[in-house]
Amino acid sequence: MRYLTAGESHGPQLTTIIEGLPSQLPLTAELINKELKRRQGGHGRGRRMQIETDTVEILSGVRHGSTLGSPVALVVTNDDWKHWTKIMGAEPLEEDINPEDIKRQISRPRPGHADLVGGMKYGHRDLRNVLERSSARETTVRVAVGAVAKAFLAELGISIVSHVTEIGGIIANPESTAGKSVAEIRAIIEEDACYCADSEASAEMVEAIDEAKKAGDSIGGVVEVIVEGLPAGIGSYVHYDRKLDAKLASAMLSINAFKGVEFGLGFEMAHRKGSEVHDEIIWSEEDGYTRSSNRLGGLEGGMTTGMPIVVRGVMKPIPTLYKPLQSVDIETKEPFKASVERSDSCAVPAASVVAEHAIAWEIANAIMEHFHSDQLPQLKEQLAAHKQYTKEF
Ligand SMILES: Cc1cc2nc3c(=O)[nH]c(=O)nc-3n(C[C@H](O)[C@H](O)[C@H](O)COP(=O)(O)O)c2cc1C
Ligand SMILES: C=C(O[C@@H]1CC(C(=O)O)=C[C@@H](OP(=O)(O)O)[C@H]1O)C(=O)O
């Protein structure tokens with residue numbers, strides 16, 4: 001499967017086309033909208049989220065609530081567009097308009113954002129031309145795509161959740177999720193301001209976000225995605241570009257501001273002995289092959305083991321600072337404070353929703369690569385046979 005996205009942050013809409021979905025997958029806009037709403041939430045979001053009510057329109061590939069097997073086109077309109085039609089319009093400027101009045105030109109690149117290097121790369125002296133597409137507004141349609149992937153996974157008995165484990169140095173107690181299922185974690189974090197399972201840590205995270213905002217600063221954090229119900233043997237060890245862990249890492253790092261990724265114990269593995277890292281293999285009539293622990297996070301040799309996938313990503317603090325860092329005006333080359341654009345002060349909770357959906361897409365894709373079918377019912381049969389086979393192996 002594949003998809004493309006298009007759209008600028010303050011353009012008329014965000015668009016995506018998904019290709020290769022099986023037919024007969026139940027799909028509604030309502031299901032996608034639920035996830036879009038979650039992405040808009042979480043403490044620390046800026047004023048743009050009060051302007052938008054992200055909702056999707058399904059324009060093709062679905063009939064009477066079910067996929068056809070043809071490309072699925074989705075659109076999310078930007079409510080803010082009405083304030084930007086002249087500034088961001090595709091048509092050449094009308095003659096009676098003074099460009100200076102409507103340009104909202106940016107010439108003082110923000111350290112940590114794509115402004116300066118993006119300007120150099122595409123020859124834009126107005127760095128707004130970079131910002132508009134490098135903005136995480138694009139993650140809206142990536143969540144829409146991931147919501148479709150999640151609907152597909154749910155049909156196969158595979159569920160996925162993300163939660164926030166750290167913000168600005170405040171770390172959630174791992175016990176808050178230990179031994180809990182995806183559904184249980186989802187129920188805990190649903191109403192939490194930081195999508196965190198530890199309510200005490202979450203309250204401190206809220207304070208830390210408010211403090212950072214008051215100081216004109218920003219903070220980052222860590223999110224964890226858990227995938228449950230996977231069969232063993234999805235992905236492959238035979239070639240670098242077929243390893244599922246590599247694909248999941250790439251998906252995580254493709255999210256704006258994500259700078260690191262780890263599976264299971266992650267970087268902690270460096271401090272442990274092999275006997276304290278690897279997961280012992282057991283077999284039972286009922287469950288087939290399982291593990292007595294899941295310290296490797298559900299992947300061996302680039303393939304699923306059948307245990308839950310546990311993958312974490314670290315998000316750096318937001319680059320736009322209301323107390324801006326030192327920069328240079330590219331017109332005069334004089335030192336200047338960086339531009340200040342309307343901004344989030346912390347988007348880690350929202351980004352956890354993006355991570356969940358980016359990972360869901362990658363898993364759905366890996367499943368579609370493994371089981372070759374254009375029809376969901378056939379695919380379900382193949383999956384059931386595969387599960388039986390791996391159990392008896
Ligand atoms: C959900 C989400 C919201 C974000 N909001 C902002 C924001 O309001 N202001 C900002 O400067 N960066 C924001 N970012 C981060 C930038 O998009 C990101 O740092 C920028 O695209 C540069 O890419 P890089 O950090 O991956 O190098 C956000 C990221 C995510 C995932
Ligand atoms: C600025 C960035 O994205 C943010 C993410 C975002 C959204 O819908 O998530 C919408 C944007 O809206 P605006 O720029 O109008 O405030 C930002 O809040 C960025 O990533 O650089």
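Read the numbers this way: they start at 1 and go in the same order the structure lists the ligands and their atoms. Residues: numbered from 1 along the sequence shown.
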Worksheet item: Which heavy atom in Ser66 sits nearest to a heavy atom in Gln24, and how many Å separate them?
Response: OG-CA, 3.3 Å
Item to complete: Write out the protein residues near ligand 2, meaning a non-hydrogen atom under 4.0 Å from one of its atoms, in order of chain and number.
Response: Ser9, His10, Arg39, Arg45, Arg48, Met49, His113, Ser135, Ala136, Arg137, Arg342, Asp344
Worksheet entry | By side-chain contact (heavy atoms from CB on, under 4.5 Å) - contacts of His239 (at least two apart) | Asp241, Arg242
Worksheet item: Is Glu132 salt-bridged to Arg128, going by a charged N under 4.0 Å from an acidic O?
Response: yes
Item to complete: State plainly whether the residues Glu166 and Arg312 are in salt-bridge range, i.e. N to O under 4.0 Å.
Response: no
So what's ligand 1 close to, N/O to N/O, under 3.5 Å?
residue	atom	partner	partner atom	Å
ligand 1	5 (N)	Asp344	OD2	2.7
ligand 1	8 (O)	Ser343	OG	3.2
ligand 1	8 (O)	Asp344	N	2.8
ligand 1	8 (O)	Asp344	OD2	3.2
ligand 1	9 (N)	Ser343	OG	2.8
ligand 1	11 (O)	Thr320	N	3.1
ligand 1	11 (O)	Thr320	OG1	2.5
ligand 1	17 (O)	Asn256	ND2	3.3
ligand 1	21 (O)	Ser134	O	3.0
ligand 1	21 (O)	Asn256	ND2	3.4
ligand 1	25 (O)	Ala257	N	3.4
ligand 1	25 (O)	Lys316	NZ	2.7
ligand 1	26 (O)	Ala257	N	2.9
ligand 1	26 (O)	Lys259	NZ	3.1
ligand 1	27 (O)	Lys259	NZ	3.2

Indicate every side-chain donor-acceptor pair of residues 358-369 with a distance under 3.5 Å to a residue at least two apart or in another chain.
residue	atom	partner	partner atom	Å
Asn365	OD1	Met1	N	2.9
Glu369	OE1	Lys247	NZ	3.3

Discussion item. Restricting to non-hydrogen atoms, name the atom on Ile189 and the atom on Ser162 that form the minimum distance, rounded to 0.1 Å.
Written reply: CD1-O, 3.1 Å
Worksheet entry | Donor-acceptor contact below 3.5 Å, side chain Asp374 vs main chain Pro22 | no
Item to complete: Check whether any side-chain N or O of Ser327 sits under 3.5 Å from a backbone N or O of Ala338 as a donor-acceptor pair, and report yes or no.
Response: no
Discussion item. Tell me whether the count of non-hydrogen atoms from other residues, nucleotides or ligands lying under 6.0 Å of CD in Glu191 goes above 12.
Written reply: no
